[in-house]
Structures are given as structure tokens and as C-alpha cells.
Amino acid sequence: MDKKELIKKAFEAKENAYVPYSNFHVGAAVLMEDGSIYTGCNIESASYTPTNCAERTAIFKAVSEGKRKIKAIAIVGDSGYTYPCGVCRQVIREFNSDAIVIIAKSEDEYKEYTFKELLPYSFGPEDLENTRK
Ligand SMILES: O=c1ccn([C@H]2C[C@H](O)[C@@H](CO)O2)c(=O)[nH]1
Ligand SMILES: [Zn+2]
């Protein structure tokens, strides 16, 4: 996996962030199991709650193109390290509890986590397996 390339794409996506309220720009790039990469930025709303994080924008683009398994996701923000919010962690969980999460300050300065380090003891699709009819 080319981590630098993934981080670079996350920085490019950050340029498109629509953030008139927070002015906090975030970009994400998600590498799917088949090698495809989807990018996303955060998108805010005047009514605030519809705001979508960069991570979910990227993941939803991938899923809506038929992709189902995340290999890795790179996340970049305006300053320092930007960690995914709880909602985004749960969405990553849906599409692979063993994904690699890269939090980057630059292409050369990044931290890498296993998903389970960021969301241990999680609830996910397997928990509902026996409830299906
Ligand atoms: O990991 C994060 C953290 C925050 N945001 C966005 C949501 C909102 O637009 C702004 C401030 O919370 O940053 C993301 O996109 N991803
Ligand atoms: Zn989020």
C-alpha cells in the first residue's frame, strides 16, 4: 500500500471542503480491498446537523459504487492530527473492523492505527447475524 499516495489524495480532497461555519477543512482518502481509492471532504449545512464528515463522504462514495471492504483510510485536517469522530468510527466499523487508519499531518508525518485501537469492543454487523429471518 502506498501510504504517501493515500495521504496526498486526502490533502487534495481537503481543498474541496465546504466549511462556511467551522472553517475547519478535513479530507479523507479510502483505499478499498480491490485497490480503488475514493476521496471525500467535509460538507457543512446552515442547519448544522446534516453536516457530513470527510471520512463518511469518502466511504459513502465507495459504497455507492459497489465497494464493500475498506483496507485503509487516510485523514487530514487543518492543523495537527485530526482523528475520526465517533460516528465515522462506527461507519468504518461497518466496512471492516480490521482496517488501517492513517492520521496525517503531512505525507511524511503520520500516525497509523489498527481500527480496533480506535474503537475497541465495538458493535457491528456480526452482532445482528442471528436476528435475521
Ligand atoms: O474527523 C473529523 C472531524 C471533524 N470533521 C468535520 C465536521 C465539521 O465539518 C468540522 C468541525 O467539526 O470538521 C470531519 O470531517 N472529520
Ligand atoms: Zn466524523
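Counting starts at 1 for both ligands and their atoms, in listed order. None of these values were measured; they are calculated from a predicted model.
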One pair per line, please: each N/O atom of ligand 1 matched with every protein N/O atom under 3.5 Å away, atom names first, then the distance to 0.1 Å.
from: ligand 1; atom 1: 1 (O); to: Glu55; atom 2: OE2; distance (Å): 2.6
from: ligand 1; atom 1: 1 (O); to: Tyr83; atom 2: O; distance (Å): 2.9
from: ligand 1; atom 1: 9 (O); to: Asn42; atom 2: ND2; distance (Å): 3.0
from: ligand 1; atom 1: 9 (O); to: Glu44; atom 2: OE2; distance (Å): 2.5
from: ligand 1; atom 1: 13 (O); to: Asn42; atom 2: ND2; distance (Å): 3.3
from: ligand 1; atom 1: 15 (O); to: Ala54; atom 2: N; distance (Å): 2.9
from: ligand 1; atom 1: 16 (N); to: Glu55; atom 2: OE1; distance (Å): 2.9
from: ligand 1; atom 1: 16 (N); to: Glu55; atom 2: OE2; distance (Å): 3.4

Name each donor-acceptor pair under 3.5 Å that joins a side chain in residues 36-44 to protein atoms two or more places apart or in another chain, with its distance.
from: Ser36; atom 1: OG; to: Asp34; atom 2: OD1; distance (Å): 2.6
from: Ser36; atom 1: OG; to: Lys67; atom 2: NZ; distance (Å): 3.2
from: Tyr38; atom 1: OH; to: Lys67; atom 2: NZ; distance (Å): 3.0
from: Asn42; atom 1: OD1; to: Val26; atom 2: N; distance (Å): 3.0
from: Asn42; atom 1: ND2; to: Phe24; atom 2: O; distance (Å): 2.8
from: Glu44; atom 1: OE1; to: Tyr21; atom 2: N; distance (Å): 3.2
from: Glu44; atom 1: OE1; to: Ser22; atom 2: N; distance (Å): 3.1
from: Glu44; atom 1: OE2; to: Ser22; atom 2: OG; distance (Å): 2.6

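Counting heavy atoms from C-beta outward, Cys53 and Val87 have side chains that stay 4.5 Å or more apart. Residues Leu119 and Gln90 meet the side-chain proximity criterion, which asks for heavy atoms closer than 4.5 Å. Between Asp108 and Lys4 there is a side-chain heavy-atom pair separated by less than 4.5 Å. Contact annotation: the side chain of Leu6 never approaches that of Lys3 to less than 4.5 Å [non-hydrogen atoms, C-beta and beyond]. The shortest distance between side-chain heavy atoms of Asp98 and Lys116 falls below 4.5 Å.
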task = Apply side-chain contact (heavy atoms from CB on, under 4.5 Å) to Glu55 and Ile75, showing your working.
result = CA-CA 7 Å; Glu55 300 90 320; Ile75 304 159; 3.7 Å; yes
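Within the structure, ring-ring contact (aromatic ring centres under 6.0 Å, His included) pairs that include any residue of residues 84-126 comprise Tyr83-Tyr113 (at least two apart or interchain).
Considering all non-hydrogen atoms of both residues, Ile7 and Glu107 come closest at CG2-CA, 3.9 Å.
Annotation: protein N, O or S atoms under 2.8 Å of the Zn ion (ligand 2) (waters excluded) comprise Cys53 SG, Cys85 SG, Cys88 SG.
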